[in-house]
Amino acid sequence: MSKSVNAELKEAFQGVSDNFRGTVDDPYPLYKKMRETSPVYTGNFMAELGVPNIAGSSKDRPTFTLFKHADVMRVMRDAKTFTSGFIAEGLGAFFDGLILTGMDGEAHKRARALLAPVFTPSTIRQWQEEKITPVLEDEFVKPLAASGKSAELIDDMGMFFPIRVIYALIGFPEDNPDEIKRFAGWAMDILVGPQEDPEKAKIAGMKAMAAAQALYDAMLPIVQKRREDGAKGTDLISRLIRLEEDGTKLDDHEITTFVRSLLPAAAETTTRTFGSAMALLLTNRENLEKVKADRSLILKVIDEAVRLEPTATFKIRQAAEDIEIGGVAIPKDAMVSCVVSSANRDEDVFDNADQFNPFRKQKPSFGFGFGTHMCIGLFVAKAEIESAMNALFDHMPNIRLDPAYPAPVMTGLQLRGPRAVHVIWD
Ligand code: HEM
């Protein structure tokens with residue numbers, strides 16, 4: 001793999017982190033105060049904290065921000081009253097095709113039903129055995145373990161394995177790692193689309209559009225070729241080509257746009273969640289030892305990390321009718337910003353909500369969303385992180401935080417996670 005492509009990717013990752021960092025690194029005391037004093041806040045709270053987001057884009061649509069678990073749950077589970085179609089508005093070709101996040105109603109339901117079979121836990125288990133674990137072991141963790149006695153988990157593997165894995169699962173040719181990273185760079189350009197500064201927003205928006213087009217142009221021939229070759233493989237593109245539900249088939253344009261939409265959704269989110277889960281686990285020796293001894297606990301660690309430090313920290317919906325939440329009137333067309341990071345620590349639902357406790361009784365939280373738009377790839381993400389952790393525990397004996405570096409710090413009011421996790425082993 002070429003150095004410059006790695007450097008470009010790191011730069012793009014940093015760009016995304018900087019763009020969404022916001023004005024405070026630890027927002028939790030602030031969210032607690034909001035849950036107590038103003039759980040349904042009139043205003044775009046996340047924008048006030050310096051996080052660019054789509055809610056404030058039209059002056060005619062006031063924004064309301066929700067902090068309580070029950071209110072966030074109400075919005076996320078009622079996709080009829082709280083819609084997502086605005087995400088696709090005005091983006092034209094950028095959002096033309098099968099892009100779930102911006103779809104509503106029957107169209108969304110049909111698309112989810114069509115895609116569901118390729119994302120079931122059993123399909124993902126098969127992928128995990130055949131692909132995910134071997135890639136993590138052989139291409140990332142074993143070489144890293146053999147290279148010395150210390151590593152930085154984000155730069156040395158976390159930034160790259162989700163891209164490597166998801167692109168293999170999608171079925172992109174595996175003999176061109178630089179091209180895969182170029183795709184990843186474009187995917188990050190799409191993520192940096194929303195910006196605070198209007199001038200910057202214009203440039204970033206154009207860059208995002210160009211990146212989306214470049215990705216489409218590069219992917220369409222891959223899909224077409226796969227169809228020509230009979231689409232017999234277990235990769236996502238082949239599976240999508242073979243899908244049929246009530247006689248509906250996906251055409252090459254739909255497959256290309258769906259697969260393209262996965263790239264910003266699947267890679268960087270997994271990187272940051274992996275970083276958070278490792279950082280939280282390594283910070284508590286007792287938890288770490290228990291998990292190393294009983295690997296079935298890894299999935300609990302991931303769920304708890306996604307509750308306590310969700311990477312996707314807030315979700316926006318639009319009210320389809322006049323409605324009231326917590327005594328606050330929300331007019332039709334208003335934007336409703338659900339602060340997942342706050343709801344996930346609501347003391348009315350979680351005991352010792354600020355504590356990382358993988359052994360707590362799990363209750364619904366919103367780090368992978370909730371309701372009809374809940375993350376379709378969550379089993380993929382969990383399988384990757386599980387395989388990564390297993391490989392680290394197997395090949396890096398007594399892995400622990402490196403005392404030569406400061407403990408990992410979570411940053412990012414959106415797309416949150418630690419920028420560095422330094423470890424050593426025996
Ligand atoms: C740890 C990593 C991940 C996190 C934290 C995450 C988070 C989320 C969240 C919060 C949503 C809900 C969006 C909404 O309510 O509007 C979502 C949706 C989605 N995610 Fe993930 N995701 C992750 C990994 C993945 C992966 C690996 C894939 C693909 C293989 C994926 C594909 C999608 C898609 C297609 C949607 C849209 C679903 C819909 O609107 O119906 N995600 N994700």
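Just so you know, ligand 1 is whichever comes first in the structure, and atom 1 is the first atom listed for that ligand. Numbers for residues simply follow the sequence, beginning at 1. Because only heavy atoms are used, hydrogens play no part in the values below, and waters and symmetry mates are left out as well, while side chains stay in.
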query: Should the proximity of Thr273 to ligand 1, defined as any heavy atom under 4.0 Å, be assigned to the side chain, the backbone, both, or neither?
result: side chain

query: ligand 1 versus Thr270, non-hydrogen atoms closer than 4.0 Å: side chain, backbone, both, neither?
result: both

message: With a cutoff of 4.0 Å, is Gly367 in contact with ligand 1, counting heavy atoms of the residue only?
response: yes

- request: Mark yes or no: Arg307 above the aromatic ring of Phe350, with NZ or CZ under 6.0 Å from the six-membered ring centre and no more than 45 degrees from the axis.
  value: yes

- prompt: Salt bridge or not for Glu386 and Arg125, using N-O below 4.0 Å?
  reply: yes

query: Can Lys68 and Asp348 be counted as an ion pair, charged N to O under 4.0 angstrom?
result: yes

query: Can you tell if the side chain of Met396 reaches within under 4.5 Å of the side chain of Leu144, non-hydrogen atoms only?
result: yes

Residue selection (non-hydrogen contact nearest atom 38 (C) of ligand 1) among Arg272, Arg112, Met103, Lys315: Arg112

query: Given Arg345 and Glu309, is the side-chain contact (heavy atoms from CB on, under 4.5 Å) satisfied, shown in steps?
result: CA-CA 9 Å; Arg345 291 184 182 219; Glu309 287 288 5; 3.6 Å; yes

query: How far is atom 20 (N) of ligand 1 from its nearest protein heavy atom, and which residue and atom name does that atom have?
result: Cys375 SG, 3.2 Å

query: Backbone, side chain, both or neither: what part of Ile166 comes under 4.0 angstrom of ligand 1, heavy atoms only?
result: side chain

The one among Val340, Thr311, Leu262 that brings a heavy atom closest to atom 29 (C) of ligand 1: Leu262

field: Within-shell test, His108 vs ligand 1, heavy atom, strictly < 4.0 Å
entry: yes

- prompt: Of the non-hydrogen atoms in Ile241 and Lys249, which two are nearest, and what is the gap between them?
  reply: O-NZ, 3.5 Å

query: Heavy atoms only: which of Ile316, Thr269, Leu115, Val165 is nearest to atom 3 (C) of ligand 1?
result: Thr269

message: Looking only at protein heavy atoms, which one is nearest to atom 35 (C) of ligand 1, and what is the separation?
response: Ile376 CG2, 3.4 Å

query: Backbone, side chain, both or neither: what part of Arg317 comes under 4.0 angstrom of ligand 1, heavy atoms only?
result: side chain

task: With heavy atoms of Ala381 as the reference, note each atom of ligand 1 found under 4.0 Å away.
output: 1 (C), 2 (C), 24 (C)

- prompt: Is the closest basic N to carboxylate O distance between Lys109 and Asp104 below 4.0 Å?
  reply: no

- request: Begin with the C-alpha distance, continue with both residues' side-chain angles, and end with the deciding distance and a verdict on side-chain contact (heavy atoms from CB on, under 4.5 Å) for Leu263 and Met219.
  value: CA-CA 12 Å; Leu263 305 188; Met219 287 177 183; 3.0 Å; yes

task: Assert yes or no for the condition that the ring centre distance of Phe172 to Phe183 is strictly below 6.0 Å.
output: yes

query: So which heavy atom in the protein is nearest atom 4 (C) of ligand 1, and how far is it from that ligand atom?
result: Phe368 CE2, 3.6 Å

statement: Looking at Glu384, His373, Lys109, the heavy atom closest to atom 40 (O) of ligand 1 belongs to His373

